[in-house]
Amino acid sequence: MSITRRGFLESAVAASLATGLNAQNNNNNNNDGESSRRGKRPIIICAHNGVKYLDDAFAFLKNGGDTLDAALRVVKGPEDDPNDDSVGLGGLPNEEGVVELDACCMHGPTRRAGSVGGVRNIKNVSLVAKAVMEHTGHVMLVGEGAERFAVAMGFPRENLLTERSRKIWLLWKEQHSTDDWWGPGLADPHWEAPALPSTTPPTTAPHSELWQQRIQRLEERAAELGIEPEFRAAAVRRVLSPPTGTIHCSALNDKGEISGCTTTSGLAFKLPGRCGDSPIIGAGCYTDQDVGSAGATGSGEENIKVAGAHTIVENMRRGLSPLEAGMDALQRIVRNYNHDMNKLQFIDVVYFVLRKDGAYAGVSLWSGYSEKPHTIVVHDGTRRSEVTVSLFKGASHEFPPFPVAMPKELTKDSVYVK
Ligand code: ASP
């Protein structure tokens, strides 16, 4: 995929918006104008990794359960799951091999919020965010203070780094630089001198021999580290393109009460102390009982700069549909880079948008891989996955910009460990 021309950008945006508006009309089976479009209530929308927990949360909501508690039921599932390496237990760690988690929540009916950032050793940070909301006069706690608060509230301290995530981190640590002492040293029988500048080909282009060798070395090292064969390709891909991963969930009951929450282990191998958008009220999640709720996954730094979730809710307040509101936030990200596709190709954001009347939208900067497009999961009596409406067609490239083309066994599918 090579997209560099402004002209393409503009036509892609126009085409996406046109498709999107149709999609929304179809979703709502209603073509008679913005103001009269209604969704169904109750309804829950969330990221794809919440799908297994949606039936239970929907039944809870339908039986009169609180909207925030319903949303938390969804996101607690991946937090507890050691095989989901995007949140909670088993989340990929920071560059020092330590798992640091972020989360926030907003309760529409009581107009309250809670948030925690950079929390170590506590897996259910979404529930800690709720505890901050309910049991303190603050909105946000971070780092050691947040951990101590969680322990005081009865949350158990536990080691969040699973063996698989530790080994993936170690693989990353060993290969991400030749300028340190990590990885097999000179004395190792398999050590090979790195190519000197004079002998290095101009680039390690995709499919070049060097690149293939690099992947092969990583796979061999993954085997030596004891990463199971079925997870090796995924591990190598995570090392070459450190992934992001998060879950957002918004829930609306039949009375029109609405809440939202977002939880994450953030960007894999981030700098210690880095907080992304997920715990930032107004960026990773925002809920206003009068209007609706929105949340985000993807490039946190970019979403913070446009206060994405808040922007979307405010857009809906002034009459934009969920789809238009989300598209406008994406356009602001594009504007921040002056429409420069050379940079935008390394960014991706998905927005989950739910209006108080049950109308909703899932939008994304990029559509994703054709075999694995971005989706949102919806339950309004029927549970289903829906492809997002995207601003650009194709998949973003992860950052840092390693050569993009991967061998077959390293397709996007291998990103997901399960
Ligand atoms: N937005 C999250 C962050 O930047 C990561 C993600 O959604 O994948 O921390």
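Numbers for residues simply follow the sequence, beginning at 1. Just follow the structure's listing: the first ligand is 1, and inside any ligand the first atom is 1. These numbers come from the heavy atoms of this one structure, side chains and all, not from hydrogens, waters or symmetry mates.
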With respect to [X], determine whether any N or O atom, backbone or side chain, lies less than 3.5 Å from an N or O atom of ligand 1.
X	answer
G276	no
S299	no
G300	yes
E301	no

If we set the cut-off at 4.0 Å for heavy atoms, which region of K270 has an atom near ligand 1: side chain, backbone, both, or neither?
neither
At under 4.0 Å between heavy atoms, which part of S278 makes contact with ligand 1: side chain, backbone, both or neither?
side chain
Below 4.0 angstrom from a heavy atom of [X], which ligand 1 atoms are there? Numbered from 1 as shown, please.
X	result
G266	9 (O)
T297	7 (O)
T246	1 (N), 2 (C), 5 (C), 6 (C), 7 (O), 8 (O)

Side-chain donor-acceptor contact under 3.5 Å, T264 with T246
yes
Have S126 and T263 got a donor and an acceptor in their side chains that come within less than 3.5 Å?
no
Basic-acidic side-chain contact under 4.0 Å: [X], [Y]:
X	Y	value
D290	K356	no
R384	E386	yes
E100	R274	no
D69	K130	yes

Option passing salt bridge (Lys or Arg N to Asp or Glu O under 4.0 Å) with K123 (candidates D81, D84, D80):
D80
